[in-house]
Amino acid sequence: MANAPREQWSSRAGFVLAAVGSAVGLGNMWRFSYLTAENGGAAFVILYLGVTLLIGLPVLLAELTVGRGSQRSPVAALQHYGGRAWTPLGMVFVAAGFLILAYYGVIAGWTLRYGLMAFFGGFSGVSERFEDIAQGPDAFSFHLAFMAITIAIVAGGVKAGIERAATVLMPLLFLMVAGLAVYAAMLPGAEEGYAYYLDTDFSGILSREVLTQAAGQAFFSLSLGMGAMMTYASYLGRDANLPNGSVVIAGADMGIAFLAGLAVFPMIFALGLSEKVGGSTLGALFITLPEAFAGMGGVGRVVGLVFFAALVVGALTSAISLLEVVVSAAIDGLGWGRRRAALLSGGAITLLGAPAAWSLGVLDVMDQVANNVFLLGGGLALSLFVGWRMQDPVGEARVGARGGRGFSLWRALLRFAVPLVLLYVLWDAVPGTLRAVFDLFAA
Ligand code: TRP
C-alpha cells in the first residue's frame with residue numbers, strides 16, 4: 001500500500017471547479033439539447049429539472065458523503081462503510097470507468113478533429129465524410145491523441161494536474177458557451193430555433209421512455225453512478241459543506257446544458273437546416289451544425305472553432321474524472337504510483353476504445369450499456385447502500401454544513417423514492433439494452 005499522505009484540493013473552489021468540470025461535458029452539449037428538442041421542449045426541461053432534484057441531487061450528495069467521509073477511492077470507500085460484501089460494487093464502478101471513457105474518448109477525438117478542421121480548412125463537404133471521420137484509423141488516432149492529454153493531466157496529480165486544468169479550462173468553457181449563445185441570439189431566424197428547442201408539448205412527457213431518458217441523462221450529465229464524484233470528494237477536507245457543493249454542481253451543470261441548447265438551435269435554424277436535425281443525436285452535432293458553419297463562410301470557421309474548442313474542453317475535464325476513478329482505485333488497491341497507474345490504465349482504456357473507433361454501431365451499444373445498466377444500476381445500488389447499509393450517513397453529510405433541515409428528507413429519498421424510480425426505469429431499460437447487445441453480436 002502506498003503510504004504517501006493522501007492528496008487534497010488546495011481550496012473548496014478548486015474542488016467545485018473540478019466537479020463541475022466532470023459534470024459539464026459532451027453530455028451537456030451533445031445529448032441534452034437533442035433530448036429536449038425530441039421530447040417536448042420546455043416540458044422536457046421541467047421534467048429533467050424534477051428528475052435532477054428528486055434523484056440526481058440526493059445521489060450526488062450520497063456520493064460526496066461516502067467519498068469525503070472515507071477519504072478513500074471507491075472500492076476502499078464502499079468496503080470501509082459496508083464491509084467486504086460491497087467490494088464487487090466498487091469493482092463495477094471501476095469497470096464502468098473503463099467502459100465509458102473508452103467510447104467517450106472516441107467522440108472527444110472527433111471534436112478535436114473538428115476543431116482542427118475549423119482552424120485549418122473549414123467544414124465544407126463534412127456531411128458526406130462524417131462516417132469516414134467517425135470510424136477507422138483516423139478516429140482511433142484522434143482518440144489516442146485525446147487520451148494522451150487526459151493521461152498527462154491525471155498523471156500530474158490532484159492539485160497540479162486535475163485542479164489546475166479545471167481552474168484554467170472551466171471559466172474558458174463558460175465564456176465560450178455564453179459567447180456562442182449571444183452570437184446565436186443575434187442571427188436572423190433565431191426565434192425559430194428557440195421555438196423548436198423549447199416548443200412545449202406535455203403529451204409524451206409522462207411516458208416511461210421519456211422518464212428513462214431523463215433519468216439516464218441526469219446520471220450521465222452529473223457524472224453519477226460510478227464513483228466519479230465520490231473519488232473527487234475523497235480529496236476534500238472535513239470542513240467542506242457538501243449539501244452546498246451538491247447544489248452548486250447540479251445548478252452549474254443544468255445551467256450550461258440549457259445555455260448550450262440556446263446556442264445550438266438558432267445556428268441550425270438560421271441556415272435553414274432544420275429538417276436535418278432529426279435522425280441521430282450525433283448527427284445534429286457532427287453533421288448539421290458543421291454544415292451550418294460551412295454555410296457561414298469565414299465567420300463560420302471562427303464560430304465553429306469556438307464551438308468545437310468548447311466541446312474539447314468540456315470533454316477533457318470530464319474524461320479526467322473518469323480516468324481518476326480507475327487511477328485512484330489502482331493507487332489505493334494495488335499500491336501503484338500515480339504515473340504508472342495513469343499510464344497503464346489509460347493505455348488499456350485507449351485500446352478498449354478501438355472497437356468504438358471502428359464502428360458507430362459498437363459505440364452506440366457501449367453508450368447504451370453504460371447508461372442503462374452501469375449508471376442507473378450503480379445509482380440504485382448506491383442509494384440502497386447509503387440509505388440502508390451505511391451507519392449514520394446523515395451525521396457524516398452534516399459535517400461542515402450549516403443548518404440541519406432537509407437531511408431526513410434526503411435519507412428518505414435515498415431509501416424509497418430514488419430506488420423505486422430507478423427500478424421502474426431499469427425494468428424497461430435493461431431488456432432493451434440487452435437486446436441491442438445481442439443484435440450487435442448476432443450481426
Ligand atoms: N458528465 C460528463 C458529461 O456530461 C461525462 C462524465 C464524466 C461521466 N464523468 C462521468 C458520466 C462519470 C458518467 C459517470 O459529458
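Counting convention: from 1, in listed order, for ligands and their atoms alike. These values consider heavy atoms only, across backbone and side chains, with no hydrogens, waters or symmetry-generated copies. Position 1 is the first residue of the sequence, and the numbers go up from there.
- Partner F265 forms a ring pair (Phe, Tyr, Trp, His ring centres under 6.0 Å) with one of Y196, F258, Y194 and no other, that one being Y196.
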Atom pairs, nitrogen or oxygen, ligand 1 to protein, under 3.5 angstrom:
from, atom 1, to, atom 2, distance (Å)
ligand 1, 1 (N), S22, O, 3.1
ligand 1, 1 (N), A23, O, 3.0
ligand 1, 1 (N), F220, O, 2.8
ligand 1, 1 (N), S221, O, 3.1
ligand 1, 1 (N), S223, OG, 3.0
ligand 1, 4 (O), A23, O, 3.0
ligand 1, 4 (O), G27, N, 3.4
ligand 1, 4 (O), N28, OD1, 3.4
ligand 1, 9 (N), S223, OG, 3.2
ligand 1, 9 (N), S321, OG, 3.2
ligand 1, 15 (O), L26, N, 3.0
ligand 1, 15 (O), G27, N, 2.9
ligand 1, 15 (O), Y104, OH, 2.6

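- No close placement of the Y81 and W86 rings is indicated, their centers lying 6.0 Å or farther apart.
- Checked against side chain to side chain contact (heavy atoms under 4.5 Å, CB included), L99 has the following partners two or more places apart in sequence or in another chain: M366, V369, A370, F374.
- For E63, there are no salt bridge (Lys or Arg N to Asp or Glu O under 4.0 Å) partners, not counting sequence neighbours.
- A search for salt bridge (Lys or Arg N to Asp or Glu O under 4.0 Å) contacts involving D367 returns R31, not counting sequence neighbours.
- In this structure, R208 is positioned above the aromatic face of Y424, its NZ or CZ under 6.0 Å from the six-membered ring centre and within 45° of the axis.
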